[in-house]
Amino acid sequence: MESKLYLIKEGEISLKGGNRNLFEKRLRHNIKDKLKIWNADIEKQKGRLYLRLDEDADDETVHKALSSTFGITGFARAYKCDKDMDAIISKVREVLQAHPFSEKGSFKIDARREDKSFPLSSYEISLSLADVVHEMFPELSVDLKHPDYTLHVEVRKDVYIYTDDEKGPGGLPVQTAGRAMLLLSGGIDSPVAAIRAAKRGLKIDCIYFHAYPYTSDLALEKVKKLASLIAPYLGGTRLYVVPFTDGQLRIKKLSYQDETTLMFRASMMQTAEKIAKEKKASAIVTGEALSQVASQTLDAMSFTDSMTELLVIRPLVGMDKEEIIKTAKEIGTYETSILPYEDCCVIFSPKHPVTHPDKEESRKHYESLEMNEEIEKAIEKMDTYYFNPLGQEESSEG
Ligand code: ATP
Ligand code: MG
């Protein structure tokens, strides 16, 4: 069968020295896994990856898939042809019909001859192809320094032709930095935190604490939707839904009123640690920033950190809300995050939460709540959902 070809440029991976192979292998695996429905296959030639897919691969889906795969800095639909100038010219015509430049502006031909046995020099290839472009787009001018459009032609084992490449998300391939559990709420922040952490190579699964009926089924649907939206960036993700109504009611009943939020957060950390250890994750990621709400002071966060021996990563710590919102819009989670189904019912939120708890004292208070049994029960009743790397929910763990 004919196949569709994409050229992929990898970024920071190339800086990784001795580990380079590992990073590259992971990137290839992540891309192939995402696009396996079209029998993705990858070949490497001189620092470039060539992705081959079945001819019926859907361009829009592939575009979305590649622009959400960390480790990719750029990609373009590429076309292959025989190593013969007539074949190149007719292929270029075909490519420019499929991806036309606009009528006005400037262009450049970027020709590279890796195979020196090819009879024409890069310069000669450029000249004849510039004639083709002029003929098709008579009003375009040539600009070698700052062209609006570039047509790339690479003469290697075969000839590859492509137009301007799309930007990839950069970063490092997921799962090159280990595994983490994200505390995913229905808010704006935690999905952004997930993407930030995944960008550095973490493989992330999500935990959501659900307090039905205080938080509604719609709130759960919203969190599932968020998980499906971030799944492409995470290379697929599991969502663990922990039923935490009884735990929250116990905290509400037994703790000092102004400490309920703090105690709730402590129990979330303790639960997340248990799940993380069971699932072999070695860090917890949250969407907390500094000083955004009462529970996000240094004292409050250092208290909740003391509930776990795992590393707690807060990728948003230095971002303000504007920046977080901007990123949420870019990754496409914002509109879902602002839907009005609260993730934490007001009955559980104190009017005057403590902002500067004393660690030792709060710890004692927390211990006196004896949460272990509730936590064990909640984990036992936990539901698991799986969203594949294209963001689709799968019934099995895939
Ligand atoms: P977000 O916009 O992400 O909800 P927020 O600004 O509303 O954050 P909080 O509600 O204090 O702040 O939550 C801080 C972080 O705690 C969240 O980003 C998330 O990581 C975690 N979190 C809060 N509620 C839940 C929940 N019900 N389930 C899982 N994690 C939660
Ligand atoms: Mg919240």
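Just so you know, ligand 1 is whichever comes first in the structure, and atom 1 is the first atom listed for that ligand. These numbers come from the heavy atoms of this one structure, side chains and all, not from hydrogens, waters or symmetry mates.
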Worksheet, complete the sentence: Exactly one of Val92, Leu96, Asp110 clears side chain to side chain contact (heavy atoms under 4.5 Å, CB included) with Leu129, and that residue is Val92

Worksheet entry | Side chain, backbone, both or neither: the part of Arg265 lying under 4.0 Å from ligand 1 by heavy atom | side chain

Worksheet item: Short list, please: which atoms of ligand 1 are under 4.0 Å from a heavy atom of Gly187?
Response: 1 (P), 2 (O), 4 (O)

Discussion item. Check whether Arg112 reaches the backbone of Ser122 with its side chain - one donor and one acceptor, N or O, closer than 3.5 Å.
Written reply: no

Worksheet entry | Single hit among Lys274, Lys377, Glu367, Gln270 for side-chain hydrogen bond (donor to acceptor under 3.5 Å, both in side chains) with Asn372 | Gln270

Worksheet item: Which of the atoms in ligand 1, numbered in the order shown and given with their element, are less than 4.0 Å from a heavy-atom of Thr286?
Response: 20 (O)

Practice prompt. Look at the rings of Tyr162 and His152 and say which category their plane angle falls in: under 30° parallel, 30 to 60° tilted, over 60° perpendicular.
Written response: parallel

Worksheet item: Hey, does Lys279 have a side-chain heavy atom less than 4.5 Å from the side chain of Ile275?
Response: yes

Worksheet item: What part of Leu184 sits under 4.0 Å from ligand 1 if we count only heavy atoms: the side chain, the backbone, both or neither?
Response: backbone

Item to complete: Quickly, which of Lys83, Lys80, Lys91 forms a salt bridge (Lys or Arg N to Asp or Glu O under 4.0 Å) with Asp158? Name it, please.
Response: Lys80

Practice prompt. May I ask you to list the atoms of ligand 1 that are less than 4.0 angstrom from any heavy atom of Met268?
Written response: 22 (N), 23 (C), 25 (C), 31 (C)

Item to complete: Ignoring angles and geometry beyond distance, decide whether Phe209 reaches within less than 3.5 Å of ligand 1 through its nitrogen or oxygen atoms.
Response: yes

Worksheet item: Counting heavy atoms only, which of Val242, Leu183, Ile207 is nearest atom 19 (C) of ligand 1?
Response: Leu183

